[in-house]
Amino acid sequence: RKICNHPDLLFVHSALRPPEYGEPTRSGKMQVLLKILPMWKEQGHRVLLFAQTCQMLDILELMIKQLGYSYLRMDGTTGIGTRLPMINKFNEDESVFL
């Protein structure tokens with residue numbers, strides 16, 4: 001299942017990760033994101049992006065940072081007291097894209 005999202009998900013231990021870890025061009029799904037995110041941003045859309053694992057969120061976060069998009073990240077480690085303020089910020093602050 002991991003290889004369907006990104007082949008680098010097979011590198012669980014950071015010591016084994018290649019220098020190009022998380023490279024978007026190595027994943028068909030991320031290549032699609034590279035094409036549609038700029039279009040959605042230009043059209044004024046905002047994005048909720050879901051992933052099955054934190055490791056995939058880490059890879060997506062690397063790409064999102066490289067693209068310079070503003071984002072918020074919520075995963076299983078996000079405290080309950082932090083979640084609602086994050087949701088409110090996403091809903092109210094239009095500068096947050098993802």
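By convention here, the first residue in the shown sequence is residue 1. Since the model is a prediction, treat every value here as computed from it, not as a measurement.
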**Request:** Give a yes-or-no answer on whether the side chains of Thr53 and Gln55 include a donor-acceptor pair shorter than 3.5 Å.
**Result:**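 Per modelled atom types, Thr53 and Gln55 side chains form no pair under 3.5 Å.
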**Asked** Is it the case that more than 12 heavy atoms not belonging to Glu94 sit under 6.0 Å from its CD atom?
**Response**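 Atom CD in Glu94 is not packed in, count stays at 12 or less.
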**Prompt:** Within a reach of under 6.0 Å around CD of Glu42, are more than 12 heavy atoms found that belong to other residues, nucleotides or ligands?
**Reply:**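 It does not: Glu42 CD has 12 such atoms or fewer within range.
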**Residues Met39, His45; criterion side chain to side chain contact (heavy atoms under 4.5 Å, CB included); working and verdict** = CA-CA 9 Å; Met39 181 178 61; His45 295 288; over 6 Å; no
**Request:** Only counting residues at least two apart or in another chain, list the ones meeting side-chain contact (heavy atoms from CB on, under 4.5 Å) with Thr78.
**Result:**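 side-chain contact (heavy atoms from CB on, under 4.5 Å) list for Thr78, sorted by chain: Met74, Asp75, Thr82, Arg83, Met86.
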**Asked** In the single-linkage hydrophobic clustering (I, L, V, M, F, W, Y; side-chain heavy atoms under 4.5 Å), do Phe50 and Val96 co-cluster?
**Response**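 Both belong to a single hydrophobic cluster.
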**Message:** A side-chain contact here means heavy atoms from C-beta on lying under 4.5 Å apart; do Leu33 and Leu49 qualify?
**Reply:**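 They are in contact (side-chain heavy atoms under 4.5 Å apart), so the answer is yes.
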**Message:** I'd like to check Met56 versus His6 (side-chain heavy atoms, cut-off strictly below 4.5 Å). Are they in contact?
**Reply:**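 A side-chain contact under 4.5 Å exists here.
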**Request:** Report the C-alpha separation of Leu72 and Leu98 in whole Å, then their side-chain angles, then the decisive distance to 0.1 Å, and conclude whether the side chain to side chain contact (heavy atoms under 4.5 Å, CB included) test is met.
**Result:** CA-CA 6 Å; Leu72 298 171; Leu98 289 128; over 6 Å; no
**Request:** Only counting residues at least two apart or in another chain, list the ones meeting side-chain hydrogen bond (donor to acceptor under 3.5 Å, both in side chains) with Gln31.
**Result:**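 In terms of side-chain hydrogen bond (donor to acceptor under 3.5 Å, both in side chains), with neighbours along the sequence ignored, Gln31 is linked to no residue.
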**Request:** Would you confirm whether Asn91, through its side chain, and Ile87, through its main-chain N or O, come within 3.5 Å as a donor-acceptor pair?
**Result:**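 A pair under 3.5 Å: yes.
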Please list every donor-acceptor pair under 3.5 Å in which a side-chain atom of residues 59-69 meets a protein atom from a residue at least two apart or in another chain.
from, atom 1, to, atom 2, distance (Å)
Glu61, OE1, Arg73, NH1, 2.8
Glu61, OE2, Tyr71, OH, 2.6

